[in-house]
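First comes the structure, then the notes that go with it.
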Amino acid sequence: MLIVGNTRELILDMLMEILEKGSYSHLVIRDVLDKYNYSDPRDKSLVKRVTEGTLERLIQIDYILDTFSKVPVSKMKPLIRNLLRMSVYQLLFMESIPASAVINEAVKLSGKRGLKGLSGFVNGVLRNIEREKERIPYPERDKDAVKYLSVQYSMPEWLVYKWIDAYGQEKTQRVLEGLLQERPVSVRLKESLGEKEKEGWISAMQKTKVHLKKHPYLSYAYEISGAEGIRNLPGFAEGYFTVQDVSSMLVTEAAVGTMEEDGGAPEEKMVLDVCAAPGGKSMHIAEKLNGTGKVIARDLSEYKVSLIRDNIGRMGYANIEAQVADARQFDQEMRGWADLVLADLPCSGFGSMGKKRDIKYRAREEALEELILLQRRILDTIWQYVKPGGVLLYSTCTMNPDENEHMVEWFLEHYPFTPEDLSPFLPDALKEEGRSSMLQLFPGIHKTDGFFLARLRRKEDGKAD
Ligand SMILES: C[S@@+](CC[C@H](N)C(=O)[O-])C[C@H]1O[C@@H](n2cnc3c(N)ncnc32)[C@H](O)[C@@H]1O
């Protein structure tokens, strides 16, 4: 199948929007796919694949371009730079498209977009790369492991350096590989559905083109691949399921303590989720409470809270309420109110890079310090909402010890909490790693996004040490 005419021009425009104007890739891709109703669904998946793939491999692609072009990528005209990037992606990673077609289409498009004078340059660089693609002189691992891994897996050098420092070279490489692997979307099927409804849903899903598979960690988690849009799938409108990574479902298991503790039937609980939008974990907790107790789901803005409300409406939970509140501001009314406080804090988000492909290029090392201060500020405030004897569940969707293990250590030094063994609440595959109070999940190593969770219990005497 060729990428021709409007389709490749559309890809070029999307890359310009994301890489030159700084728009978020997942939003640009979603909007374009929603807007353009292709007669051939294969066109749709090609647009998605080439745009996402080019972003995912950007560092490697730019390295190759810099090796084969006299003009460095940073000095090229933006349109030419992005045209070359998407073409190199196709030459290297999409064998089904003939190289001659990729190059001819790129040459034509540069002319069409008013850069006819550069058609020869585009042609020359791409032909050179096509000829030499089996002999690209990549950085040598023995000489510079950070540069080697950075180019091979398209990850900024400072992040590779940070991960090697924290987790070692072997683990870092597995994580980098994991981040590039295509992973299915995971969904949480409502546990409260009756057997008949569950079977009906599974059989309706099997009649669609998507592939449905049970996730090995949790009985109610399923993986879906090949879906063109989740919203059109059976059971979505009825609120049978919600999209949620399994790592995030494990937070609820550990927070509510349902896997072994309480024989799987939690008593009535008061729960406060201080950073809740779009509401995935709050709704899961509401579900686990079987309609009892109360979950208050808070977030910073009216818009964010409207996302939580929309989700509650679709999923139909009655024991949950969404509120606008800034977690940095102490709320006197909540002092000692909660059996469980969920602190799923804003973080660097490195664990979800597999899904949001531009996070890795947007991340700035300097910004991490600010995030850590924000996380501390929120923790400084919200620990007081936990009843003496109650639980604080701390989580982030990142892999960065300063936001994770070191943050928990800092917290325990300052506030009257004790860490608790996570293993009773985890699936067998994770029990061993969860024996301490903290669990770091890694893509490529675990069957989840990158994620961190820690379970901390407030001491009965309740006062700060
Ligand atoms: C990791 S996300 C939460 C995801 C959510 N727990 C879920 O499972 O769907 C972090 C959230 O923190 C919110 N946030 C950031 N700063 C905040 C603050 N000062 N007060 C309350 N919420 C805040 C962000 O708007 C964002 O929605």
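The residues of the chain are indexed from 1 along the displayed sequence. Both ligands and their constituent atoms are indexed starting at 1 by order of listing.
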Exceeds 12 heavy-atom contacts within 6.0 angstrom, atom CZ of Phe236: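 Yes.
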message: For Glu409, I'd like to know if atom CD has over 12 heavy atoms of other residues, nucleotides or ligands within 6.0 Å.
response: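 Atom CD in Glu409 is packed in, count exceeds 12.
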task: Using the six-membered ring wherever Trp is involved, compare the ring planes of Tyr138 and Tyr63 and label them parallel, tilted or perpendicular (cut-offs 30° and 60°).
output: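 Correct class here is parallel.
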query: On the ring face of Tyr167, is Arg174 found with NZ or CZ under 6.0 Å from the centre and within 45° of the axis?
result: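 Checked: cation-pi criterion not met.
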query: Just by distance, do the side chain of Asp358 and the backbone of Ser25 share a donor-acceptor pair under 3.5 Å?
result: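 Indeed, once roles are kept as given, a pair shorter than 3.5 Å links the two residues.
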task: Sort out the contact shell of ligand 1: every protein residue with a heavy-atom distance below 4.0 Å, listed by chain and number.
output: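 Under the 4.0 Å cut-off, ligand 1 touches Val274, Cys275, Ala276, Ala277, Pro278, Gly279, Gly280, Lys281, Asp299, Leu300, Lys304, Ala325, Asp326, Ala327, Arg328, Asp344, Leu345, Pro346.
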message: The test is salt bridge (Lys or Arg N to Asp or Glu O under 4.0 Å); show your working for Glu287 and Lys190 and say whether it passes.
response: CA-CA 8 Å; Glu287 162 107 16; Lys190 261 188 182 169; 5.4 Å; no
